[in-house]
Amino acid sequence: MLTKPRPIRLKGRSFLALSLAPELPFEDWLTGLDDLAARSAGFFLRRPVVLDVDGLDIDKAELRKLVAELGQRNVRIMGIEGARPSLLGQDMPPAMTDGRPASDFEPPAEGEADEAQDAAAARATTVSASTPVQVTGSLVVTEPVRSGQSLFFPEGDVTIIGSVASGAEVVAGGSIHVYGTLRGRALAGTTGNSAARIFCRKLEAELIAIDGFYLTAEDMEPDFRGRAVQAWLESNGLKTGILG
Amino acid sequence: MGKVIVVTSGKGGVGKTTSAAALGAALAQNGEKVVVVDFDVGLRNLDLVMGAERRVVYDLVNVIQGEAKLTQALIRDKRVETLYLLPASQTRDKDNLTPEGVEKVIAALKKAFDWVICDSPAGIERGATLAMRHADVAIVVTNPEVSSVRDSDRIIGLLDSKTLKAENGERMEKHLLLTRYDPTRAERGDMLKVDDVLEILSIPLLGIIPESMDVLRASNLGSPVTLADESSAPARAYFDAVRRLKGDALPVTVPGEKRGFFGKFFGRKAA
């Protein structure tokens with residue numbers, strides 16, 4: 001047993017967590033949460049949930065009680081965002097920092113619960129009305145993306161006025177628009193956004209991907225080379241089509 | 001204060017050293033003071049191309065390490081008296097180039113010369129990044145072929161991020177010098193077209209240097225082509241490039257495309 005122990009590998013990985021921002025008074029907010037859960041029993045199951053308490057005027061006991069209340073509803077909190085260190089103790093979920101916004105989770109739609117459909121529909125409208133307008137970020141690049149450069153923008157859409165060179169890479173949480181020739185790689189919807197698309201004025205790409213589904217240059221329709229093309233995701237994979 | 005030009009490409013063998021020497025000699029013939037600095041420590045060539053290999057005593061590394069004064073290392077050209085060479089070391093390796101040392105040397109050269117031309121080594125490592133670091137203007141030397149164009153694209157990205165100008169938020173002035181352009185091969189479609197290269201790299205074109213035996217002959221004679229044969233096609237292309245570098249709005253003609261009436265009749269042999 002003299003073999004050298006292998007060094008421990010430390011890997012980074014990001015997960016998309018559902019962020020809950022409770023509002024005071026908690027009783028009312030929990031009632032609303034119960035309504036939501038009633039429509040879809042498994043909505044919070046198997047999803048990492050982060051509690052965002054930024055700006056809430058509460059003390060440690062209240063926060064502990066809220067976490068316990070959520071626990072009783074099978075909502076297990078993996079971390080707490082925006083809390084002062086004094087609010088958190090050894091027995092509490094750990095603090096989370098550096099969160100970046102991603103696309104919103106779809107609330108369970110009407111009809112998922114069998115009983116009381118009408119009431120559920122009424123509630124669904126109120127839920128969507130109370131959700132704030134989702135503002136995704138966008139990045140506009142007015143220069144060519146050169147070989148060896150990697151443009152990483154998980155917050156939203158990337159628009160490039162210029163070309164993406166062979167050996168360059170554009171990674172976006174949203175859609176990618178290239179007003180020029182796409183010669184390198186374009187990876188859209190990388191944070192799990194399957195509605196993201198890729199548009200380019202001239203397709204010469206090495207690789208395109210949306211939400212993990214990809215096409216290499218060899219897999220692409222040869223007739224589409226050099227033409228204005230868009231790519232989107234369907235249930236049976238990544239599709240490409242001529243634009244305009 | 002002189003202007004610092006870096007001649008760079010990423011890929012090797014595209015004509016950086018030849019171009020640095022030719023442009024330096026062309027600039028110096030107008031009476032301006034020019035120094036060409038070889039940054040290719042360990043694989044120097046500029047001294048050979050400029051015919052000064054027998055006169056190298058001290059080099060860039062000696063100056064940086066304080067073993068020689070700058071004036072001792074500079075070699076004056078025998079043909080053009082305002083043209084100087086600062087050779088690289090053949091025996092040391094690139095680690096001897098320190099950022100502080102290079103900064104000092106370039107600052108001193110800028111005071112004494114009108115033009116400081118830095119001949120960058122191939123690659124994107126220390127030698128290349130230090131050669132471009134203090135530049136005011138970059139000349140990206142590219143052959144009309146895919147590997148050279150992609151490497152140049154990479155270099156342009158570095159020019160826009162790793163140089164002092166870029167770090168200060170200024171824009172580096174960049175020019176494309178298309179070298180080893182062969183009209184007959186271009187006509188057959190064996191090479192990338194000028195427009196394709198310009199579209200990919202999207203930087204202004206400084207000139208197109210035709211592929212020519214004159215360049216090889218001049219190099220073997222130890223003379224920049226702009227000194228060896230001023231009337232040859234590559235020499236004229238370099239002289240035109242220098243005029244554009246100084247701000248002349250001289251249109252660029254693609255070699256082979258401007259065939260006249262007689263050329264059409266007598267075919268390619270006439271060219």
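Letters A, B, ... mirror the listed sequences (proteins, then strands); counts begin at 1.
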Engineer: For A/F213, does the CZ atom sit with more than 12 other heavy atoms under 6.0 Å from it, leaving out its own atoms?
Structural biologist: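 Incorrect, the count does not exceed 12.
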Engineer: More than 12 foreign heavy atoms under 6.0 Å from CZ of B/R92: is that the case here?
Structural biologist: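 Enclosed.
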Engineer: Is it the side chain or the backbone of B/L159 that comes within 4.5 Å of chain A heavy atoms, both, or neither?
Structural biologist: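 Neither part.
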Engineer: Does atom CZ of B/R133 have more than 12 heavy-atom neighbours from other groups under 6.0 Å away?
Structural biologist: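 Result for CZ/B/R133: enclosed.
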Engineer: Please round to the nearest 0.5 Å and tell me the distance separating atom CD of A/Q149 and atom CD1 of B/I156.
Structural biologist: 10.0 Å
Engineer: Would you find more than 12 non-hydrogen atoms of other residues, nucleotides or ligands less than 6.0 Å from A/E218 atom CD?
Structural biologist: no
Engineer: Taking C-beta and beyond as the side chain, do B/S152 and A/R146 meet within less than 4.5 Å on heavy atoms?
Structural biologist: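 When only atoms from C-beta onward are counted, A/R146 and B/S152 do not touch, as no gap falls below 4.5 Å.
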Engineer: Indicate the atoms forming the closest heavy-atom contact of B/D153 with A/V145, along with that distance.
Structural biologist: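 Heavy-atom minimum between the residues: OD2-O, 4.4 Å.
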Engineer: Hey, are the side chains of B/I200 and A/R183 touching, using non-hydrogen atoms and a 4.5 Å cut-off?
Structural biologist: yes
Engineer: Considering only heavy atoms, which portion of A/S163 lies under 4.5 Å from any heavy atom of chain B: side chain, backbone, both, or neither?
Structural biologist: side chain
Engineer: Would one find more than 12 heavy atoms of other residues, nucleotides or ligands at under 6.0 Å from atom NZ of A/K60?
Structural biologist: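 More than 12 heavy atoms, drawn from other residues, nucleotides or ligands, come within 6.0 Å of this atom.
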Engineer: State whether the number of non-hydrogen atoms from other residues, nucleotides or ligands found under 6.0 Å of A/K239 atom NZ is greater than 12.
Structural biologist: yes
Engineer: Does a donor on one side chain and an acceptor on the other come within less than 3.5 Å for B/R150 and A/S147?
Structural biologist: no
Engineer: Looking only at non-hydrogen atoms, find the nearest pair between A/T181 and B/E199 and report the distance.
Structural biologist: OG1-OE2, 3.4 Å
Engineer: So for atom CG, which belongs to A/D57, do other residues, nucleotides or ligands contribute more than 12 heavy atoms lying within a distance under 6.0 Å?
Structural biologist: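 Not buried by this count: 12 neighbours or fewer within 6.0 Å.
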Engineer: Counting heavy-atom pairs closer than 4.5 Å to chain B, which one of A/P144, A/S166, A/G162 comes out on top?
Structural biologist: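 Looking at each of A/P144, A/S166, A/G162 in turn, A/S166 comes out on top.
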